[in-house]
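Not measured: the values here are computed from a predicted model. Chain letters run A, B, ... following the sequence lines, proteins first, then strands; residues in each count from 1.
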Number of protein chains: 2
Amino acid sequence: MATRRLTQKDIARLAGVSQATVSFVLNGSPENANRIPAETRDRVQKVIRDTGYVADPVARRMVKGLNRILGVFTYEPAFPSAQADFFTPFLLGIEEAAQELGYDLLLLTGAGVKRRIFGDNVRLRLADGCIILGRQFDRDELTRLVAGDFPFVAVGRRDDAGGPVPYVGGGYVAGTAALVQRARALGHHRIAYIGLNEGAESTVDRWIGFEPALNGAELVHTQFAVAQPPGETLDALLAAGATCVFFTELADAIAVDAVARHRGISVPGDLSIVVLGNHIRAEEHGRRFTSFSIPREAMGRAATEMLVRRVENDAPVEQVLLDCAIVEGDTLGPLSTQHVRNT
Amino acid sequence: MATRRLTQKDIARLAGVSQATVSFVLNGSPENANRIPAETRDRVQKVIRDTGYVADPVARRMVKGLNRILGVFTYEPAFPSAQADFFTPFLLGIEEAAQELGYDLLLLTGAGVKRRIFGDNVRLRLADGCIILGRQFDRDELTRLVAGDFPFVAVGRRDDAGGPVPYVGGGYVAGTAALVQRARALGHHRIAYIGLNEGAESTVDRWIGFEPALNGAELVHTQFAVAQPPGETLDALLAAGATCVFFTELADAIAVDAVARHRGISVPGDLSIVVLGNHIRAEEHGRRFTSFSIPREAMGRAATEMLVRRVENDAPVEQVLLDCAIVEGDTLGPLSTQHVRNT
DNA sequence: TATCAGCGCTAATACGCATTAGCAGATTTT
DNA sequence: AAAATCTGCTAATGCGTATTAGCGCTGATA
């Protein structure tokens with residue numbers, strides 16, 4: 001560690017030229033580089049090669065505006081295993097796109113307990129722009145970001161916060177509506193909804209897609225809560241005469257499905273189940289629920305590309321929703337004849 | 001984007017003081033900060049609060065040496081799904097430790113097809129030090145790293161490269177030896193080894209732990225290759241009269257186990273199987289192989305802590321191996337009486 | 001012969017911050 | 001009353017680079 005880093009001044013001294021000349025040799029813009037004859041250029045380059053000199057990116061950044069670094073900010077830690085399956089696909093897309101575009105990623109770990117973008121020691125600004133991941137999102141910080149001049153893109157749709165928020169989200173509204181239509185096409189007209197209908201945008205979107213798509217079907221039961229006792233939920237569903245139930249939470253669907261199976265109620269024979277969204281490795285629980293898939297990797301990619309557009313070309317705010325493909329699954333079936341008779 | 005970033009000069013102007021005073025208010029070293037009376041300090045801090053000013057970390061880094069950023073370099077992309085299970089646990093540990101120590105992570109994506117540390121535009125140096133992940137490792141680059149003055153720590157044991165390499169590795173030698181002893185204790189003395197015994201350090205370590213631990217047992221069959229036809233491998237094992245076989249690759253073990261089951265050969269009744277290492281979610285294939293676990297998360301943590309030690313205190317090179325706990329599993333059993341008779 | 005245009009390079013500056021040296025005025029000491 | 005000390009600040013500098021302005025020189029042009 002004793003040896004100090006090499007600088008352009010050192011190279012200049014060794015090559016018998018000035019620091020400016022070294023700089024020109026390194027990043028010869030056509031106009032200026034041409035003015036340096038091959039002989040001098042070779043001499044300088046030889047010294048650079050011999051010494052293994054590399055320009056200090058920090059100093060570089062001082063002069064130019066940009067750093068070719070994108071920040072990735074998450075309000076929750078990105079890797080801890082509980083979150084890993086959630087965050088990993090996004091990061092996958094982000095990393096691939098960043099690599100293709102020639103950017104590195106600065107992972108902001110949030111220095112303290114509470115993660116904040118506008119904190120005391122915000123190293124975020126080291127990046128040229130930033131991608132924001134995570135379900136929770138401090139409204140005030142979002143507002144400040146929108147108001148500020150630091151380029152960012154959110155992964156996931158966001159309501160306006162003192163202005164439109166640039167984002168790449170999932171088309172949950174359309175995906176949900178498509179699933180409802182599918183259920184309707186299969187004859188279901190006594191439908192139920194289990195899950196929150198307010199809070200985060202991603203949650204609200206399910207409900208926004210759901211209700212209008214009913215289109216005359218009867219919403220016989222709603223439960224705007226999650227993680228309730230599955231037995232009671234099932235009782236309520238049956239009492240209401242629902243033939244098809246939509247869950248926002250996979251976990252709830254799994255629990256209710258298990259109870260139903262235990263009681264000899266056939267899914268989808270007696271009751272169809274639809275889940276509004278998917279999870280990685282959903283297959284592990286042995287049931288392929290009818291749902292839509294969230295294109296997490298593509299969202300990460302698109303957000304990265306959008307961010308670079310904003311950083312490099314000062315592009316205007318964009319808001320993009322990516323399609324959520326329907327996952328057929330085994331839990332949505334046609335209305336049984338028995339139900340048809342009962343109605 | 002029209003509004004330029006705020007600088008200390010702006011704050012100074014607004015507060016009616018000099019830029020130096022603003023700097024003192026921000027990072028008041030006890031001696032100097034005391035010289036600024038509370039009145040002035042409050043005035044400056046109010047402006048800072050009102051404007052939301054944050055110091056540019058790049059400029060900061062220009063002056064001080066450090067940035068509180070650790071680079072994470074991987075020769076392979078870190079997230080793509082095939083690698084995700086491999087890299088994620090390391091990153092988990094790295095991120096947690098970095099967060100605790102107050103560092104951010106710079107993920108180096110490798111600009112082109114071939115990832116190199118010493119490239120044309122090495123952004124690595126923006127970090128204070130760097131952690132190197134990945135199975136493949138360019139020998140020349142490692143040598144240059146060792147020779148250079150840039151602090152780094154490798155995850156995984158590395159042979160000397162013009163000097164000792166600082167690393168945090170897994171105790172594969174000891175783990176392998178422990179498994180061999182376990183097999184011996186169960187009566188096995190006709191043992192086989194399937195897998196490479198040269199190449200990467202992690203591979204070599206298995207063999208190094210394996211052979212001496214035989215301690216008189218007969219090595220009746222070796223196959224220094226992976227991904228061979230499992231049927232043929234099994235034939236060879238049986239022909240050699242092996243009662244216990246060690247695999248370096250989980251995939252090979254799975255394949256041979258499947259063929260054995262298909263042929264009605266009992267594992268571990270007729271043949272015990274040991275795998276030298278584990279994989280996340282190994283349970284998915286439905287077989288709990290006897291093996292040792294690789295403490296990936298702990299390795300990430302330890303490497304990060306070691307790196308910070310090197311960065312902050314210029315600590316000497318350390319080489320650490322973390323214990324690999326034995327995973328009991330279901331595939332190593334006592335020598336069957338039939339085998340005992342045969343011998 | 002004086003002027004001008006190119007050539008090959010260098011001096012000087014700015015980027016935003018931390019930090020050292022130091023200045024003017026007030027207060028205390030001798 | 002002069003000297004020393006303290007108080008509250010600012011000027012100036014350097015970190016390593018990119019870049020603009022410009023200098024001294026040669027050869028061509030007027």
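Proximity note for B:Ala59 (side chain, C-beta onward) versus C:dT19, D:dT17, C:dG16: the nearest is C:dG16. When distances run from any side-chain atom of A:Asp56 to the nucleotides D:dG16, D:dT10, C:dC9, the shortest one goes to D:dG16. Among the nucleotides C:dC17, D:dA18, D:dT10, the one closest to any side-chain atom of B:Ala20 is D:dT10. Residue B:Met62 places its side chain closer to D:dG16 than to any other of D:dC9, C:dA18, D:dG16.
Across all strands, A:Val17 comes closer than 4.0 Å only to sugar-phosphate atoms, never to a base (heavy-atom distances).
Judged by closest nucleotide on DNA chain D, B:Thr40 is the one of B:Val63 and B:Thr40 placed further toward the 5' end. The residue among A:Arg43 and A:Gln19 whose nearest nucleotide of DNA chain C is located toward the 5' end is A:Arg43.
A:Phe90 pairs in a side-chain contact (heavy atoms from CB on, under 4.5 Å) with only one of the listed residues (A:Glu297, A:Arg296, A:Glu95), which is A:Arg296. For the pairing with B:Ile132, the side-chain contact (heavy atoms from CB on, under 4.5 Å) check across B:Val72, B:Leu142, B:Leu145 returns one residue only, B:Leu145.
Using a 4.0 Å cut-off on heavy atoms, none of the residues of residues 44-51 of chain A approach DNA chain D.
Atom NZ of B:Lys64 and atom P of D:dT13 are 22 Å apart (whole Å). Per the geometry, CZ belonging to A:Arg61 stands 14 Å off P belonging to D:dA18, to the nearest Å.
With salt bridges taken as basic N to acidic carboxylate O contacts below 4.0 Å, none links A:Arg139 and A:Asp159.
For A:Leu321, the side-chain contact (heavy atoms from CB on, under 4.5 Å) criterion is met by A:Arg157, A:Tyr167, not counting sequence neighbours. Every side-chain contact (heavy atoms from CB on, under 4.5 Å) that A:Lys46 has, sequence neighbours left out, goes to A:Arg49, A:Asp50. Here A:Val317 pairs with A:Pro164, A:Pro166, A:Arg310, A:Gln319 under the side-chain contact (heavy atoms from CB on, under 4.5 Å) rule; sequence neighbours left out. Evaluation of the side-chain contact (heavy atoms from CB on, under 4.5 Å) rule for B:Leu14 yields B:Val47, B:Thr51 as partners, not counting sequence neighbours.
Distances shorter than 4.0 Å separate some side-chain N or O of B:Ser18 from OP1 or OP2 on D:dT10.
End-to-end axis angle of the helix from C:dT1-D:dA30 to C:dT30-D:dA1, using five pairs per end and rounding to 10°, comes to 80°.
The two atoms that bring A:Val17 and A:Arg43 nearest to each other are CG1-NH1, 4.0 Å, heavy atoms only.
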